[in-house]
Amino acid sequence: MSKPPCECGEKKISYPNPGFLCFSIRNPSINSVKIAAYLSVEYTMRASHFFLSTLKEAPAEAELVSHRLMLRAGYIKKLGSGLYTWMPLGLRVLRKIEAVVRDEMNTVGALEVLMPAVQPAELWQETGRWDQFGPQMLKIRDRHAREFCFGPTHEEVVTDVVRREIKSYRQLPLTLYQIQTKFRDEIRPRFGVMRAREFVMKDAYSFHADFAGLQTTYQSMYAAYSRIFTRLGLKFRAVAADTGAIGGSGSHEFHVLADSGEDAIAWCPQSDYAANIELAEAVAPAAVRGVAQEAMHKIATPGYCSIEAVSVALNLPAAQLVKTLLVQSGETVVALLLRGDHQLNEIKAAKVLGQEFRLADEAVLRTVTGCAPGSIGPVGLSIRVIADRSVMTMSDFVCGANEEGYHWRGVNFGRDLPEPEVADLRNVVSGDPSPDGQGELALCRGIEVGHIFQLRTTYSAAMSCQFLDEQGQSQIAEMGCYGIGVSRIVAAAIEQNFDDRGMCLPAAIAPFTLAIVPVGLRKSEAVREMSERLYVEFSRLGIDVLLDDRDERLGVMFAEMELIGIPHRLVIGERALVAGEVEYQGRTDLQAQRVSTEGCVAWVLEKLKLR
RNA sequence: CGGGGCGUAGCGUAGUCUGGUAGCGCGCCUGGUUUGGGACCAGGAUGUCGGGAGUUCAAAUCUCUCCGCCCCGACCA
C-alpha cells in the first residue's frame, strides 16, 4: 500500500493558489480545519514567519541533556516548578507523537473522549482514593467550597461514565481513551518535562464482560504500544512490572532505554525476558552449599562497621560475608540476611513480610542484638531470620558477632545457627541467571513512557459498574487501564537521540522533516528561485519542510537547524547550482552529498522512506 | 518534608567574605564592513541586584523575615 510520505499518514490537500481557497470554503467536501492547516503551513513553514528562539547557553537549572536541549532549542519555556509552556516548535513534536498514539488507539478500536480535568471529590471518595492518593493530588475548592481535584488520573471518572451507560454484556467490550493534561503535585519535579507536575498523558480504559475479554484487549494494547514506540523510532523494551498503588494484577511497563533513566531494568539478551528490577526474580542458585571446613571462631574487627571495611580488613571478597539487616514493622523485628555484595529489594521484602517495614531504630537494634550497627549477625538471635536464596549456598562465611568490634569467621548454617527461612530478598545483578532459564540477565536503565494494567474489578466493584450477563445476572465489569506519558516521550526521545550539536530526532517526531537552507538568498536570483520551487514542491507532497529564508549567516542557520533536530537538510547555493546540483545532508551524516536539482525530490523521498 | 545550594539585564555570570550606589560575555537595537559553519568594527538600549523590614551617613554586600528556584533522599506517565 502506498502511503503519502506524510508522517502522520494523513492526506494533505494542496491548493494551487490562495484564490482557490474562497472556492474551497463553499465546497462541503473540504473542511475548514484543513484549510486552516493549509494556511498555517504557508505562514509558519518559512523561518522568517516562524518563531525560533534558540539559546547558545542553557539555563543553569537544566541538568539532563534533553532538558538543556529543549530549553536551548526553544521547545519549551518554564513558567514555574514543573510547569512548562510548549512553544510552537516543541508543540509540533508533541502533536506528532499524539497523532501516532491516536492512530494506533483507533486501530485497536479504542474510542476517543475528553473527560474533565477537574473532578468532584465525591467520585474519589467512592473508591477511597480521596484520602489514599495523598499530597500528589492537587485539591481545590470552588466558590461554594465544594471539593474538587485537578485530575491526576481518570479511573473514577471513566468508571462513572461507563456505569451510567452500560446495561448489557452486549455493549462490551468498550475501550475509551483521551489525550489530556494531568496534574500531579510531584514532591520534586525535575528534568523539565520528564518529571513535570503538569503533563500530557494518553490514558485508555477498557471494560469487559469477563476476564478473558480483558486479557484479549490487554494483549492488543500491548501490541499497539509496541507499534507506537516503534513508529516513534525509539529503542524501547516492555518489562514486567509491579502493579504499585493503582491495584489489580498483570502489568507491563514500556521503557525507553537511556542511561539517564530513573528505573533499573533487568533483561535477558538471549530471550525476551525483561522486568523492572523491583520485580525481577533472583532465582535460587544451582550451586550446592559447600561442606564446612572451618570451626567458627571470633576475630577482632575494630572499627570495621561496613561490609566493605570488613572485606578489606580480612582480605575476603564481599561475597564471603553475610550482611544482616534488622527491619521492623510495628512491634515485630526481623533479621534479613543477604550476601555481602547484594542489595536488599524492599518490595520483595515487604511481600515476604506481608507488610510495609523500615530499618530498625538503633535503640531497637541494640535491644535485640546487644550491640551497635556494624557488628550484627544472625548467630544467637532469637528473632525471626529470613535469608536470601543466595545466602543458603554459603559455607564458612563471615558475619557480625553481635559484639562491637568482633565478627565470626567460619560460620555454617545447621551447625552454628539454625537453618533460616529462605526467600528471594535481593535485587538481581548483572550475570544472574534469567528466570526463564534462557541465559544471563543484563541490567540497563529506562525511562517509563507507558504502563498497562489489568485492573480487574478494583474500581468497577467499588463504584458498582455492573451489567447483565446472558443469564440476566448482574456482573461486575472487568477493567484494564493503559497510560502513555506523551510529553515525557519528547524528553525520552531526545535522551536517546542527540549529539554535541543538538537533537537528532527520528523523522516521525521531528518538528520539521526537511530544512531548506539557501545560501545568499538575497543575492542570488537562482538560489531564490530554486529554494522557492523546492519549498512549494515538498510542501505539496505533504512534507513538513522549513524554508530558512531569514537573512542570517550560513553558520547560524546550520547551527539552529541542527540544534532543533531537523533530520534532513538541503542546501541551495550558487556553488552547486551552477553544476545543476543542490546539497543533501542527513542530520547524522558525516558529509553532504551533491544531488541534481531534478533528482533531489525523489532523492529526499527515498531518504524519508528509509528512516 | 529532611539535608545542601542559589536568586544581579532575555541567557550565562563577576562583584557579597572586607558596605561607598553595578561590571563582563552572549543575545537585542542603529550604522558600516562582511557573507559556505553561531562574523567584524563603531555606537546604543535594557537592572525595583527575588520581595519586605531592620542596622547604617551609605546596603547587591550585614541582620531578620517571606517568596521563588536548583541539587541529594521517599512518589509516579
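Proteins get letters first, then strands, A, B, ... in listed order; numbering begins at 1 in each.
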>> At under 4.0 Å between heavy atoms, how does the protein contact nucleotides 33-42 of chain B? Give one character per nucleotide, 5' to 3', with B, S or -.
In response: -BBBBBB---
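Which of C75(B), C70(B), A77(B) sits closest to the side chain of R184(A) comes down to A77(B). Among C72(B), C76(B), C70(B), the nucleotide with an atom closest to any side-chain atom of S81(A) is C70(B). Nearest to the side chain of R188(A), among C75(B), A74(B), C69(B), sits A74(B).
G4(B) and A22(B) are spaced 35 Å apart, taking the P atom of each and rounding to whole Å.
When both distances must be under 3.5 Å, the Watson-Crick or G-U wobble mate of A60(B) does not exist. Checking A42(B) for Watson-Crick or G-U wobble geometry (two distances, each under 3.5 Å) identifies U30(B) as its partner. The base-pairing partner of U55(B), taking Watson-Crick or G-U wobble contacts with both distances under 3.5 Å, does not exist among the strands shown. Nucleotide G7(B) has C67(B) as its partner under the Watson-Crick or G-U criteria, with both atom distances under 3.5 Å. Nucleotide G2(B) has C72(B) as its partner under the Watson-Crick or G-U criteria, with both atom distances under 3.5 Å. Judged by Watson-Crick or G-U wobble contacts below 3.5 Å, the nucleotide A14(B) has no partner.
Atom CD in E61(A) sits roughly 13 Å away from atom C1' in G10(B) (whole-Å rounding). Here the P atom of nucleotide A77(B) and the CD atom of Q178(A) are 15 Å apart, to the nearest Å.
Without hydrogens or angle criteria, H154(A) side chain to P116(A) main chain gives a donor-acceptor distance under 3.5 Å.
K182(A) has no side-chain polar atom (N or O) that falls below the 4.0 Å cut-off from OP1 or OP2 of C76(B).
Of the charged side-chain nitrogens involved, none lies within less than 4.0 Å of a carboxylate oxygen, so that D259(A) and R445(A) do not count as a salt-bridged pair. Electrostatic pairing of R46(A) and E532(A) counts as a salt bridge here, judged by a charged N lying under 4.0 Å from a carboxylate O.
Cation-pi geometry between R488(A) and F199(A) is not met: the NZ or CZ atom fails to fall both under 6.0 Å from the ring centre and inside 45° of the normal. For R184(A) and F133(A), the positive end is not near the middle of the six-membered ring at less than 6.0 Å and at most 45° from its axis.
Residue A196(A) is classed as a base contact, given a heavy-atom separation below 4.0 Å to a base. Nucleic acid contact for E448(A): sugar-phosphate only, since backbone atoms but no base atoms lie under 4.0 Å from a heavy atom of the residue.
Side-chain N/O atoms of R195(A) and base N/O atoms of C76(B) include a donor-acceptor pair closer than 3.5 Å. E57(A) contributes no side-chain N or O that forms a donor-acceptor pair with the base of G27(B) under 3.5 Å.
Between F229(A) and F254(A), the distance separating the two ring centers is shorter than 6.0 angstrom.
Each of E156(A), K139(A), Q132(A), E147(A) was compared with W124(A) under the side chain to side chain contact (heavy atoms under 4.5 Å, CB included) criterion, and only E156(A) meets it.
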